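What follows is a short report on a single structure.
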Amino acid sequence: MKLVVVSAGLSVPSSTRLLADRLAAATGRYTSVDVQVVELRDLAVEIAHNFTSGFPGRALSAALDAVTEADGLIVVTPVFSASYSGLFKSFFDVLDQEALTGKPVLIAATGGSARHSLVLEHALRPLFAYLRAVVVPTAVYAASEDWGAEGLAERIDRAAGELGRLMEGLGSGAGAGAVRRADAADTADAAERADASVAVDTDTAAAIAPRALDGALASADRFTVIPFEQQLAALRP
């Protein structure tokens, strides 16, 4: 399966890229993946031109195709002004809005302080929910003091495991098969209820009709059509 890593780090070396690489390596321990890294720093000029011209350059087009065709995504951004970076948002702004529908995505971010960790929940998760991606439950935030400290490795492993299992589940088509089986069962139940309803209505009509029409509808061969004029005349005093 194809795993695409989108890194919005700006510096070289970058803690954002480091976190992205560690997440990709951990995911590879749970499922077999071919990893492709998209460095948004290298696409900044083409992204800006795409906004003004409406057409992506060659490198940007290849990156957009890679994300669209991926079986799973890892997206990592540095925190700027208590949110994702403008470059990160711009890339997903030029991506087709249907490209991430149903696609597993692991969200992550880096920052100088642990106080910005909520950026994952108030900015990144709503963004990818809007794009109809399937965001894994565990998001990973790495502050400067987290590198080398306890806890980061465990969060990376837990998030990667969730992404790997989700990619395996969606890739096998098990979810789609379950939906098809459920739809077939619902259709069969509906047909059975409809048949039962028809049987009950027929029996009820057979029981009521003789009493209501004085035996005229007791059977098909005894059914008599009475003209409306004759019925109206019978009602007159």
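Excluded from the calculations below are hydrogen atoms, water molecules and symmetry mates; all remaining heavy atoms, backbone and side chain alike, are included. Note that this is a predicted model, so its numbers are computed, not measured.
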N/O donor-acceptor pairs under 3.5 Å from side chains in residues 108-120, not counting sequence neighbours:
| residue | atom | partner | partner atom | Å |
| --- | --- | --- | --- | --- |
| T110 | OG1 | T16 | OG1 | 2.8 |
| S113 | OG | R115 | N | 3.1 |
| S117 | OG | A114 | O | 3.1 |

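- Legend: salt bridge (charged side-chain N to carboxylate O under 4.0 Å, His left out) pairs involving residues 134-150, not counting sequence neighbours, sorted by first then second residue: D146-R155.
- Hydrophobic clustering (side-chain heavy atoms under 4.5 Å, transitive across Ile, Leu, Val, Met, Phe, Trp, Tyr) groups V105 together with Y84.
- Of all heavy-atom pairs between T31 and G164, the closest is CG2-CA, 3.8 Å.
- L100 is connected to V38 through a chain of hydrophobic side-chain contacts under 4.5 Å among Ile, Leu, Val, Met, Phe, Trp and Tyr, so both are in one cluster.
- Residues passing the side chain to side chain donor-acceptor pair (under 3.5 Å) test with E121, sequence neighbours excluded: R125.
- To the nearest 0.5 Å, atom OG1 of residue T27 and atom CG of residue L163 are 4.5 Å apart.
- Evaluation of the salt bridge (charged side-chain N to carboxylate O under 4.0 Å, His left out) test over residues 10-25, restricted to residues two or more places apart or in two chains, returns R17-D21, R17-E39.
- Under the 4.5 Å side-chain criterion, counting only non-hydrogen atoms from C-beta, K103 is in contact with L73.
- Partners of F128 by ring pair (Phe, Tyr, Trp, His ring centres under 6.0 Å), not counting sequence neighbours, listed by chain and number: F92.
- A123 and S83 get closest at one heavy-atom pair: CB-OG, 3.7 Å.
- L166 approaches P104 most closely through the heavy-atom pair CD2-CB, 3.6 Å.
- Take E46 and apply the side chain to side chain donor-acceptor pair (under 3.5 Å) test, not counting sequence neighbours, and it matches no residue.
- Side-chain contact between I47 and V45 is absent, with no heavy atoms from C-beta onward closer than 4.5 Å.
- When atom types are taken as modelled, the side chain of D71 and the backbone of K2 share a donor-acceptor pair closer than 3.5 angstrom.
- Summarising the geometry of W147 relative to S15, their closest heavy-atom pair is CZ2-O, 3.6 Å, with the distance given to 0.1 Å.
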Under 3.5 Å, sequence neighbours excluded: what are the donor-acceptor pairs made by side chains of residues 131-140?
| residue | atom | partner | partner atom | Å |
| --- | --- | --- | --- | --- |
| R132 | NH2 | E98 | OE1 | 2.9 |
| R132 | NH2 | E98 | OE2 | 2.7 |
| T138 | OG1 | R158 | NE | 3.4 |
| T138 | OG1 | E162 | OE1 | 3.1 |
| T138 | OG1 | E162 | OE2 | 2.8 |

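- From L43, atom CG reaches atom OG of S90 across 11.5 Å, with rounding to the nearest 0.5 Å.
- Tracing side-chain contacts under 4.5 Å through hydrophobic residues (I, L, V, M, F, W, Y), one reaches V5 starting from L19; they form part of the same cluster.
- Side-chain contact between L10 and L87: present, with at least one pair of heavy atoms (C-beta onward) separated by less than 4.5 Å.
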Sequence neighbours left out, cut at 3.5 Å: what donor-acceptor pairs do the side chains of residues 53-68 make with other protein atoms?
| residue | atom | partner | partner atom | Å |
| --- | --- | --- | --- | --- |
| S53 | OG | H49 | O | 2.8 |
| S53 | OG | F55 | N | 3.2 |
| S53 | OG | F55 | O | 3.3 |
| T68 | OG1 | L64 | O | 2.8 |

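- Considering every non-hydrogen atom in both S85 and F80, the closest pair reads CB-CD1, 3.6 Å.
- Taking Y30 as the reference, D157 meet the side chain to side chain donor-acceptor pair (under 3.5 Å) condition, with sequence neighbours excluded.
- F88 places none of its side-chain heavy atoms less than 4.5 Å from the side chain of V76.
- Residues satisfying the salt bridge (charged side-chain N to carboxylate O under 4.0 Å, His left out) test with D34, not counting sequence neighbours, are none.
- No chain of hydrophobic side-chain contacts below 4.5 Å, direct or via other Ile, Leu, Val, Met, Phe, Trp or Tyr residues, connects M167 to V6.
- In terms of hydrophobic clustering, with Ile, Leu, Val, Met, Phe, Trp and Tyr side chains grouped at heavy-atom distances under 4.5 Å, V33 and L106 are assigned to a common cluster.
- In plain terms, the two heavy atoms of S14 and S11 that are nearest each other are CB-O, 3.1 Å.
- Checked against side chain to side chain donor-acceptor pair (under 3.5 Å), D93 has the following partners two or more places apart in sequence or in another chain: K89.
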